[in-house]
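Everything on this sheet refers to the single structure shown next.
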Amino acid sequence: MDILQTMQAIMQPSVLLFMLVGVIVGTLIGALPGLSVVMAIALFTPITFLLEPTQGLAMLIGIYNAGVWAGGISAVLINTPGTPASIMSTLDGYAMTQRGEAGLGLGINTVYSVIGGIFSSIVLMFAAFPIANFALNFGPAEYAMLAFFGLSMIISVSGKELLKGVIVGLFGLLIATVGTDVMFGNARYTLGVMELRNGIPFIPVMIGLFGIGEILDQITQIGKEEPTASFKGKIGRILPTGKQFRNWLPATGLSAVIGVIVGAIPGTGGDIASIVSWDQARRISKDKENYGKGSPEALAVTCLSNNAVIGGAMTTMMALGIPGDGVTAVLIGSLMMYSVRPGPMMFIEQRPMVLNIMGLMIVANLFILLVGLATAKSSAKMLNRLSKPTIWIVVAILCLVGSYAISNSLVDVWIAFAAGILGFIFRKTNMPLAPFVLAIILGPMFEANLRRTLTITGGSYAIFVTNPISLVLLVLSILSFISAIYRSSKAKRKTAEEAQA
Amino acid sequence: MAEILIGIVIIAISLAAIINAQSFPKPLTSEVPGSAFFPTVIAVALIVACLALIYKGIREKNSYFSFKSDKKGYAVMAITIALTAIYILLFGKMHFIILTSVYIGILALLFGIKWQKAIPSAVVSATVVYLVFNRLLNVLLNG
């Protein structure tokens with residue numbers, strides 16, 4: 001019955017139409033270097049509120065899946081990743097293009113991205129329910145530690161700039177306290193502005209940080225870069241052979257599993273999944289000496305793993321309510337605008353929506369397969385046509401009108417504008433944005449559950465070590481801090497040694 | 001210099017947050033954290049971190065804003081910010097298509113697009129945006 005109802009809901013022509021629109025938007029934004037999937041989701045979320053929930057979700061899921069896949073198009077054709085997840089695809093993909101195998105590169109990108117997406121969607125279907133059932137046992141103490149574990153990822157997503165990442169994360173936590181206190185009901189830092197009583201709205205902040213901030217940063221380089229990205233070669237054969245598909249099974253199978261696991265870990269994304277998959281697959285591959293020199297198998301491995309991340313990230317987001325990556329962090333905000341709070345209760349109170357999301361994930365990948373194979377030859381022309389100034393203007397208008405469209409309020413537009421200037425300053429001064437997103441999403445969850453826990457225990461913190469689930473999450477958080485600090489200092493030492501040499 | 005400035009600004013914001021938090025209602029018992037607890041702890045942690053950032057800025061003297069070499073880029077960016085602020089101020093007070101056409105047209109000229117392409121594209125784009133958002137998506141736009 002559930003399956004039938006889900007299929008009826010997602011196979012509506014209007015839902016499929018908005019899914020296609022999402023896939024096309026995701027393709028354009030993912031393929032263009034400098035524009036991110038996070039930006040696309042943030043920009044189009046206000047538009048999706050004006051649609052029915054299933055239609056809106058179809059568009060967002062289409063954008064998400066297509067955006068990650070399409071990053072591989074520019075990685076293969078012009079050696080520039082369209083999204084960070086496609087960084088590793090440049091190594092082998094562009095070498096294939098230089099050999100005259102651009103078409104095969106694009107075909108591998110499409111076919112294996114779809115395989116990764118479908119595999120991880122199936123994992124989502126089977127793993128999300130048991131995880132959500134387990135999480136139903138969580139009380140305030142467990143939720144507080146879960147949020148704390150998610151916040152500990154602020155350190156690992158900060159890269160080499162640990163101190164700046166911590167400052168940005170703490171600043172995000174402070175911003176997240178603006179609004180009405182959940183326990184006492186008093187206003188905090190609202191400056192008398194009624195619209196801030198519900199807190200600083202998340203979507204305009206994301207639109208500003210990732211949309212306006214990015215184009216302001218690009219504008220400062222005006223006249224210095226090529227006005228358009230350009231590919232001038234031939235496309236040629238597109239699909240891998242059956243023999244290639246069989247030979248690559250061990251390596252691609254491994255990368256699928258790695259992609260899903262990495263995606264499920266909060267704070268990680270497609271870039272980490274593709275690096276780890278590429279490295280591990282090379283160890284077991286019979287073609288290891290060609291990895292990094294135009295190996296089609298290596299390209300298949302990276303394309304598969306960075307799309308496999310999506311299902312893993314969605315599993316964590318939907319079952320536990322904490323973001324698996326930057327995109328799911330923004331998606332949490334989008335779902336909350338539909339009055340749906342991701343987490344285990346979603347599987348009880350909004351079961352049809354959960355099933356619809358799972359079904360839409362599969363459909364999105366089927367659309368990508370059709371669109372990807374149909375447009376392989378024309379994607380090069382598309383890359384050549386769009387100039388950066390045109391992109392800047394389109395993004396600016398979508399940011400401003402999109403922010404206004406959320407609730408017909410100019411306050412949202414001003415917030416997006418201010419966040420845009422902040423995002424520009426963060427980018428220029430190497431301050432990472434991901435900690436800010438994590439803090440804004442998880443800060444309220446952490447504070448509310450911490451205070452609830454202390455109210456129940458009469459102020460005692462002992463529960464966080466006597467409760468087994470809380471203790472495990474606390475230990476994981478501490479390990480996450482230590483490992484991230486160790487990796488950061490190792491990277492700094494290596495940079496210093498290279499500078500001396 | 002940028003790190004020092006950022007550190008000072010965030011410290012100022014944090015101090016304001018701590019002072020303002022003193023006016024939040026206090027809990028009935030001292031064991032249970034009140035409204036002021038979390039923002040105060042975060043603000044104190046921010047002040048400590050920003051002092052470390054200021055120290056780093058003084059010691060390393062990193063430069064991030066290359067105003068001299070990217071003079072044109074920063075000038076265009078500053079004008080874009082000013083234009084956008086004016087656009088938002090006039091949003092809702094002027095006809096959307098007229099205001100947006102002018103905004104897009106000036107941006108296009110600023111970014112180096114020739115006027116023969118910029119002006120017609122601006123009018124067409126503004127009209128398309130109005131039709132999509134106002135007629136299709138029912139967003140209230142002045143028109």
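Since the model is a prediction, treat every value here as computed from it, not as a measurement. Naming convention: chains lettered A, B, ... in sequence-line order (proteins, then strands); numbering from 1 in each chain.
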With a 4.5 Å cut-off on side-chain heavy atoms, are [Y] and [X] touching?
X	Y	value
Tyr189(A)	Phe24(B)	yes
Phe37(B)	Glu447(A)	no
Phe171(A)	Ile13(B)	yes
Val413(A)	Phe91(B)	no
Met431(A)	Ile6(B)	yes
Ile219(A)	Tyr74(B)	no
Lys164(A)	Lys56(B)	yes
Ile167(A)	Cys50(B)	yes

For [X], is it the side chain, the backbone, both, or neither that has a heavy atom closer than 4.5 Å to a heavy atom of chain A?
X	result
Thr80(B)	side chain
Ser23(B)	neither
Leu89(B)	both
Lys26(B)	backbone
Ile113(B)	side chain
Ile81(B)	both
Val76(B)	both
Ala75(B)	neither
Ala21(B)	both
Phe133(B)	side chain

[atom1] of [X] to [atom2] of [Y]: how many Å apart, nearest 0.5 Å?
X	Y	atom1	atom2	result
Met1(B)	Thr429(A)	CE	OG1	14.0 Å
Met77(B)	Ile222(A)	CE	CD1	12.0 Å
Ile393(A)	Ser121(B)	CD1	OG	8.5 Å

What part of [X] is in contact with chain B, defined as an atom under 4.5 angstrom from a non-hydrogen atom: side chain, backbone, both or neither?
X	answer
Leu216(A)	both
Ile212(A)	neither
Tyr461(A)	side chain
Leu454(A)	both
Phe49(A)	neither

What residue, out of [options], has the most heavy-atom pairs lying under 4.5 Å from chain A?
options	result
Ile10(B), Leu110(B), Leu107(B), Ile104(B)	Ile104(B)
Pro39(B), Ala108(B), Gly7(B), Ala43(B)	Pro39(B)
Gly92(B), Ala17(B), Ala78(B), Ala52(B)	Ala17(B)

Closest heavy-atom contact between [X] and [Y]?
X	Y	answer
Ala396(A)	Tyr103(B)	CB-OH, 4.2 Å
Asn408(A)	Leu140(B)	OD1-N, 3.3 Å
Asp181(A)	Ser35(B)	OD2-OG, 2.8 Å
Pro389(A)	Phe111(B)	CB-CB, 3.7 Å
Ala85(B)	Phe417(A)	CB-CZ, 3.9 Å

Using a 4.5 angstrom heavy-atom cutoff, name the option from Leu51(A), Asn186(A), Ile215(A) with the most pairs to chain B.
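Winner by heavy-atom pair count: Asn186(A).
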Which of Thr455(A), Leu173(A), Val401(A), Val166(A) touches chain B most, by non-hydrogen pairs under 4.5 Å: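 Looking at each of Thr455(A), Leu173(A), Val401(A), Val166(A) in turn, Val401(A) comes out on top.
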Step by step, would you call Thr177(A) with Ile42(B) a side chain to side chain contact (heavy atoms under 4.5 Å, CB included)? CA-CA 10 Å; Thr177(A) 61; Ile42(B) 299 300; 5.7 Å; no
